2 protein chains.
Amino acid sequence: MNDPTVPPAKTPPARRPARISEQLKDLIVEQGLQPGDRLPREQELMDQFKASKNTVREALGALQAQGLVRSRTGPGGGNFVSAQDEDRAMELLGNYFFFQQPRIGDIYALRKMLEPELVATLAGQLTEADFQRLNATIRLYDHKPQNKVEEYRQRLAELDFHAVLAELCPNRVLGFVCGFLQNLLRNLSICKRIYDKPNPELRESGFHYQVKLLSVLNDGDGEAARKIMFDHMCAAQEYMEACEAELATDFLRISSRG
Amino acid sequence: MNDPTVPPAKTPPARRPARISEQLKDLIVEQGLQPGDRLPREQELMDQFKASKNTVREALGALQAQGLVRSRTGPGGGNFVSAQDEDRAMELLGNYFFFQQPRIGDIYALRKMLEPELVATLAGQLTEADFQRLNATIRLYDHKPQNKVEEYRQRLAELDFHAVLAELCPNRVLGFVCGFLQNLLRNLSICKRIYDKPNPELRESGFHYQVKLLSVLNDGDGEAARKIMFDHMCAAQEYMEACEAELATDFLRISSRG
DNA sequence: AGATATTTGTTCGTATGTATT
DNA sequence: TAATACATACGAACAAATATC
């Protein structure tokens with residue numbers, strides 16, 4: 001009686017704006033539109049789909065939220081196909097793991113496989129500019145932090161170093177997945193708590209790993225780079241999982257609902 | 001001259017609905033809302049954000065497009081927080097690689113690392129029901145195809161087998177990434193052409209691999225499973241890349257624009 | 001079974017802002 | 001500077017869906 005509230009309709013028939021979004025995507029595929037190309041004017045879309053201005057706008061808004069469309073005002077303005085940028089893609093992806101946060105070990109299981117391979121492919125491929133960029137990131141934590149704020153920034157900068165490496169990877173799938181895993185880590189609520197804990201040794205050991213890594217990358221020694229990164233990942237995982245366990249015993253359970 | 005002090009508005013100041021979407025997400029985080037929980041009514045949101053109904057609805061529409069919100073009409077209805085399902089997440093992610101299609105080799109570089117590990121973790125963990133599901137998938141291509149349609153279906157079923165394995169993986173991050181790579185392959189335009197080509201040996205060899213794989217999984221022999229999957233991946237990559245090269249020479253360039 | 005209240009869904013018309021020409 | 005073409009936002013009204021009495 002009190003529990004038949006379950007929606008009987010498995011597929012709540014897609015709303016109109018959602019359907020129009022789909023049709024617009026089809027349009028892009030069929031006409032082979034490329035980033036920068038213009039979509040029909042809003043008025044034309046209204047006519048074509050026999051929908052009101054607001055409905056069309058809602059459909060366009062959804063595509064904008066997905067990063068597939070950008071709009072400009074003024075004459076010659078309109079809605080334009082756009083390549084989704086990586087940040088947007090990661091943000092959307094992050095939503096999926098929002099309500100089912102993975103374990104630290106789950107993430108590191110992948111990082112241990114992928115990041116060593118990533119740096120191996122990078123060996124001997126980096127330009128002077130790339131090295132400068134990496135060094136600039138490292139410099140943010142080549143010294144002891146002066147206060148808690150700087151400490152936290154250093155922890156994030158450490159992840160940034162990995163992010164730059166991922167960005168430089170010519171295999172964009174590999175680079176993207178690595179970046180995604182780092183992003184996942186960044187946003188994991190348990191990690192936010194872990195990152196708040198001071199940890200001097202970790203900074204120093206991380207710094208050491210990365211200096212060594214840059215050195216062998218410069219030499220073009222892929223195998224050495226692979227090994228350094230793997231060891232680094234193992235050390236990081238061990239530390240993070242220890243923190244995870246510790247936090248788990250500290251707060252037996254924190255629920256935001258009474 | 002060409003470098004005026006004003007940063008040329010890198011970010012075309014986010015539109016209002018987009019900002020409201022962000023704020024709604026923050027609301028979900030702050031209040032610790034879970035899937036199934038209700039958002040404020042549209043009227044309340046209009047008051048709270050001092051925005052018109054259309055604007056609020058556009059913001060909600062964006063969240064719906066991201067699979068984060070579902071809505072129901074009627075009394076007791078409203079907009080509800082929802083967990084993004086995997087399919088939706090993959091679809092959104094696929095948009096990112098839509099305009100920068102990776103090479104076959106890029107994808108297989110990851111599959112060769114991840115899928116062997118995936119089946120290794122599955123060894124000895126599968127239930128009778130799991131095996132039945134996997135066997136049912138295999139059965140779709142345990143015989144020679146009668147016609148082109150069945151041939152194509154068999155090629156997709158082969159990917160489905162891998163998808164089921166990914167789904168069964170307790171490490172959801174690993175499972176998701178593997179599923180994503182398969183999805184990427186499915187949607188790659190070059191793959192669609194490759195899959196159209198008849199290839200009797202590939203079906204047979206794939207079938208053989210998978211029967212053997214199920215056998216060692218049943219024995220709980222993770223190492224054997226890892227090796228079988230790795231060999232399978234290498235063989236598949238070799239075949240796909242050969243096709244890729246062949247197609248590249250066939251059509252020097254096909255552009256959809258005159 | 002039917003009327004009604006509640007809440008989202010769709011549309012129209014209009015006013016405003018902004019960039020190009 | 002002014003005109004123009006376009007997106008952006010608002011408000012009011014009406015339609016559809018659905019739970020409750």
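Order of the sequence lines sets the chain letters (A, B, ...), proteins ahead of strands, with each chain counted from 1. Predicted model only: the values in this text are computed from it and were never measured. Side chains are part of it too, since the values below use all heavy atoms of this structure and drop only hydrogens, waters and symmetry mates.
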Engineer: A/Cys243: what forms a side chain to side chain contact (heavy atoms under 4.5 Å, CB included) with it, not counting sequence neighbours?
Structural biologist: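 A/Cys243 satisfies side chain to side chain contact (heavy atoms under 4.5 Å, CB included) with A/Ile194, A/Lys197, A/Tyr239 only.
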
Engineer: Restricting to side chain to side chain contact (heavy atoms under 4.5 Å, CB included), what partner residues turn up for A/Arg38, sequence neighbours left out?
Structural biologist: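 Side chain to side chain contact (heavy atoms under 4.5 Å, CB included) check on A/Arg38 returns A/Arg41, A/Phe80.
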
Engineer: Sort and list the pairs that fulfil salt bridge (Lys or Arg N to Asp or Glu O under 4.0 Å) and have at least one residue in residues 95-106 of chain B, not counting sequence neighbours.
Structural biologist: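 Only B/Arg103-B/Glu244 qualify under salt bridge (Lys or Arg N to Asp or Glu O under 4.0 Å).
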
Engineer: Got a list of protein N/O to nucleotides 10-15 of chain C N/O distances below 3.5 Å?
Structural biologist:
unit_1: C/dT10; atom_1: OP1; unit_2: A/Arg16; atom_2: N; d: 3.3
unit_1: C/dT11; atom_1: OP1; unit_2: A/Arg16; atom_2: NH2; d: 2.8
unit_1: C/dT11; atom_1: OP2; unit_2: A/Thr55; atom_2: OG1; d: 2.5
unit_1: C/dT11; atom_1: O4; unit_2: B/Asn54; atom_2: OD1; d: 3.4
unit_1: C/dC12; atom_1: N4; unit_2: A/Asn54; atom_2: ND2; d: 2.2

Engineer: Round to a whole Å and report the spacing from CD of A/Glu42 to P of C/dT18.
Structural biologist: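 Result: 17 Å.
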
Engineer: Can you pull the salt bridge (Lys or Arg N to Asp or Glu O under 4.0 Å) pairs that have at least one residue in residues 129-140 of chain B, sequence neighbours excluded?
Structural biologist: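 Every salt bridge (Lys or Arg N to Asp or Glu O under 4.0 Å) pair that includes a residue of residues 129-140 of chain B, provided the two are not neighbours, is B/Arg133-B/Glu167.
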
Engineer: Measure CD/A/Gln64 against C1'/D/dA9 and give the value in whole Å, please.
Structural biologist: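 Going from A/Gln64 (CD) to D/dA9 (C1'), I get 14 Å.
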
Engineer: Hey, can you tell me if B/Tyr152 and B/Tyr195 have their rings parallel, tilted or perpendicular (30° and 60° cut-offs)?
Structural biologist: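 Ring orientation, 0 to 90° scale: perpendicular.
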
Engineer: Just N and O in the side chain of A/Ser71: are any of them under 4.0 Å from OP1 or OP2 of D/dT8?
Structural biologist: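 A/Ser71 to D/dT8 OP1/OP2: side-chain N or O found under 4.0 Å.
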
Engineer: Rounding to a whole Å, what distance do you find between B/Leu45:CG and C/dT8:P?
Structural biologist: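 Rounded to the whole Å, the gap is 8 Å.
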
Engineer: Could you tell me how far apart B/Arg38 (CZ) and D/dA19 (P) are, to the nearest whole angstrom?
Structural biologist: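 About 13 Å, once rounded to whole Å.
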
Engineer: Which whole-number value in Å describes the distance from B/Leu60 CG to C/dG9 P?
Structural biologist: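 Roughly 8 Å, once rounded to whole Å.
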
Engineer: Which whole-number value in Å describes the distance from A/Gln43 CD to D/dA5 P?
Structural biologist: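 So the CD-P distance, A/Gln43 to D/dA5, works out to 14 Å.
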
Engineer: Can you list, pair by pair, the side-chain donor-acceptor contacts under 3.5 Å of residues 87-97 of chain B, counting residues two or more places apart and other chains?
Structural biologist:
unit_1: B/Glu91; atom_1: OE2; unit_2: A/Lys25; atom_2: NZ; d: 3.2
unit_1: B/Asn95; atom_1: ND2; unit_2: A/Gln66; atom_2: OE1; d: 3.3
unit_1: B/Tyr96; atom_1: OH; unit_2: A/Glu86; atom_2: OE1; d: 2.8

Engineer: How would you list, by chain and number, every residue that makes a side chain to side chain donor-acceptor pair (under 3.5 Å) with B/Glu115, sequence neighbours excluded?
Structural biologist: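 With sequence neighbours excluded, B/Glu115 shows a side chain to side chain donor-acceptor pair (under 3.5 Å) to B/Arg111, B/His162, B/Gln182, given in chain and number order.
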
Engineer: Could you check how far CZ of B/Arg70 sits from C1' of C/dG9, rounded to whole Å?
Structural biologist: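 Roughly 17 Å, once rounded to whole Å.
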
Engineer: For a quick test of reading the model, state the closest non-hydrogen atom pair linking A/Cys178 to A/Ala166 and the distance between them.
Structural biologist: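 The pair with the smallest heavy-atom distance is CB-CB, 4.1 Å.
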
Engineer: Quick one: salt bridge (Lys or Arg N to Asp or Glu O under 4.0 Å) pairs with a partner in residues 147-166 of chain B, sequence neighbours left out?
Structural biologist: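 Residue pairs with at least one partner in residues 147-166 of chain B: B/Asp160-B/Arg186.
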
Engineer: Could you tell me how far apart B/Asn79 (CG) and C/dG9 (C1') are, to the nearest whole angstrom?
Structural biologist: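 Those two atoms, CG and C1', are 11 Å apart.
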
Engineer: Could I get a table of every N or O pair under 3.5 Å where one atom is in the protein and the other is in nucleotides 3-5 of chain C?
Structural biologist:
none

